[in-house]
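Starting from 1, each residue takes its place in the sequence as its number. On a predicted model such as this, the values are computed, not experimentally measured, just so you know.
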Amino acid sequence: MSTVERPVPPLNADERVTLESWLDFHRATLAMKCEGLDDAQAALASVPPSGFTLTGLVQHMAEVERNWFRRVFAGEHAPPIYDPQADPDGPDGGFDLAEDATLAAALATWRTEIARARELCADRAPTDTGRFLGQDVSLRWVYVHMIEEYARHNGHADLIRERIDGATGV
């Protein structure tokens, strides 16, 4: 039984509630995929030679949250978390694990970035814009992109978790 709360998004709500609810659903799904694992399990690679791990995926999603909500939408200067020397306009990283990386630390950082994203969007309309590649990008677009990013990576997380201990279907 999971301790992560994952409410089903409402079936008939306004645009903002619908988008935020689906994003939160997918955020909770990633947390559920990591639940009950120790650091060694969460650092197991999906399929060698790939180094893709659940800890790395959580770190990556912290970077993605930071990039889209803080840098793109809010225009904040927020250097990459896991590779501060990386180009902040480059691809979102975070997949590589430091020797002392832990799942708990990755989850804490990820949750901090989610909290900051919520703060930045709390009083903003889906039509409000940030800047991406020199163009306006709406919060609506960012939400939809984040939903698809989580949905895609949750599929990866499902396969990794099944390889670790056979757990499926969350």
Quiz item: If we only count heavy atoms from C-beta on, is the R66 to P79 side-chain gap below 4.5 Å?
Solution: yes

Quiz prompt | Test item: L19 and L139 side chains (from C-beta on) under 4.5 Å apart, heavy atoms | solution = no

Drop me the distance from [X]'s [atom1] to [Y]'s [atom2], to the nearest 0.5 angstrom.
| X | Y | atom1 | atom2 | result |
| --- | --- | --- | --- | --- |
| R131 | F73 | CZ | CZ | 13.5 Å |
| I81 | E113 | CD1 | CD | 4.0 Å |
| L44 | D39 | CG | CG | 11.0 Å |
| S21 | R16 | OG | CZ | 11.0 Å |
| T53 | I160 | OG1 | CD1 | 6.5 Å |
| T102 | L107 | OG1 | CG | 8.5 Å |

Going hydrophobic residue to hydrophobic residue with side-chain gaps under 4.5 angstrom, can you get from [X] over to [Y]?
| X | Y | result |
| --- | --- | --- |
| V64 | F132 | yes |
| M61 | F25 | yes |
| M146 | W141 | yes |
| I147 | V8 | no |
| V144 | L120 | no |

Exercise. Give a yes or no on this: more than 12 heavy atoms of other residues, nucleotides or ligands lie within 6.0 Å of atom CG of D136.
Key: yes

Quiz item: Above 12 or not: heavy atoms from other molecules or residues under 6.0 Å from CG of D128?
Solution: yes

Quiz item: Taking the six-membered ring for Trp, is the centroid-to-centroid distance between W22 and Y143 below 6.0 Å?
Solution: no

Taking all atoms of both residues into account, what is the closest heavy-atom pair of [X] and [Y], and its distance?
| X | Y | value |
| --- | --- | --- |
| K33 | L54 | O-CD1, 3.8 Å |
| D83 | P80 | O-CB, 3.3 Å |
| C34 | L103 | O-CD2, 3.7 Å |
| V17 | P10 | CG1-CG, 3.8 Å |
| G56 | L97 | N-CD2, 3.5 Å |
| Q59 | D96 | NE2-O, 3.1 Å |

Quiz item: Taking Y150 as the fixed residue, which of H26, H145, E65 is the one that meets the side-chain hydrogen bond (donor to acceptor under 3.5 Å, both in side chains) rule?
Solution: E65

Checking the side chain of [X] only, and the main-chain atoms of [Y] only, is there a donor and an acceptor separated by less than 3.5 Å?
| X | Y | value |
| --- | --- | --- |
| R161 | E35 | yes |
| R163 | A45 | yes |
| R6 | A28 | no |
| S50 | S46 | no |

Quiz item: Between R27 and D24, is a side chain to side chain contact (heavy atoms under 4.5 Å, CB included) present by the stated rule, with each step listed?
Solution: CA-CA 5 Å; R27 287 168 168 158; D24 284 341; 2.8 Å; yes

Self-check item: For H60, the option from W110, Y82, F95 that meets ring pair (Phe, Tyr, Trp, His ring centres under 6.0 Å)
Solution: F95

Practice problem: May I ask you to decide whether E76 forms a salt bridge with R116, counting only side-chain N to carboxylate O separations under 4.0 Å? | Solution: yes

